[in-house]
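Structure first, then comments.
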Amino acid sequence: MLPWIVRRTRLPLLSLRCVDCRSESATTGGGRFRVNANGKLLDVWLLVRCVSCDRTSKLTVHERKPASSFDPAELHGYNVNDPQLVSSRLLDPLLAHRNRFSLDWTGAWRLDTPSAWLDEAWPVRVEVAFEDPVPVRPERLIAHGLGLSRNEVLRRIKCDVGLRRRTSAGFTFTVLAGD
Ligand SMILES: [Zn+2]
């Protein structure tokens, strides 16, 4: 079984319409949170910036949450703009759902494959693992990873998931010998 790994190379952009210039792309940039205390309640936002006009928007991470209910390490992370916390919040589907944006993974990930086929006998089995939740179409990923045309993929690949349905969950496939 050959291992393939999908991993991000940077944070994805956000597909989010700017209220000023109507661009539909925003970035977390270096990654900053804003924490605002209102009595014993805290609001936490993740700041994002329009890639066209630089307008800053706030995405709600926590809204009027009692300060005492925060994990102290997490709260510290918000205060120091911990990069790990920035990425885990950005990639959390709940944040996207609540703030009505989707992630734009274009150019933000790569596929790592073993450099050689290691003299495997046909058919070859490949296991695809995802280090980050990048949605890919198996058909396109396999064509790219093996340098095959789409027709060849349809002819030579047996896959345990739909080839055309986007997924970010691990799957396996089998490559049959060519002609
Ligand atoms: Zn803008």
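Both counts, for ligands and for their atoms, begin at 1 and track the order of listing. The residues of the chain are indexed from 1 along the displayed sequence.
Taking the six-membered ring for Trp and the full ring otherwise, W4 and F173 have centroids separated by under 6.0 Å.
Atoms of the protein (N, O or S only) found under 2.8 Å from the Zn ion (ligand 1) are C18 SG, C21 SG, C50 SG, C53 SG.
Every residue meeting the side chain to side chain contact (heavy atoms under 4.5 Å, CB included) condition with R98, not counting sequence neighbours, appears here in chain and number order: T60. Residues meeting the side chain to side chain contact (heavy atoms under 4.5 Å, CB included) test with A108, sequence neighbours left out: R10, W105. Applying the salt bridge (charged side-chain N to carboxylate O under 4.0 Å, His left out) criterion to R164, with sequence neighbours excluded, gives E139.
Side-chain atoms of D132 never come within 3.5 Å of backbone atoms of V134 as a donor-acceptor pair (strictly under, hydrogens ignored). D92 contributes no side-chain N or O that, together with a main-chain N or O of S88, makes up a donor-acceptor pair within less than 3.5 Å.
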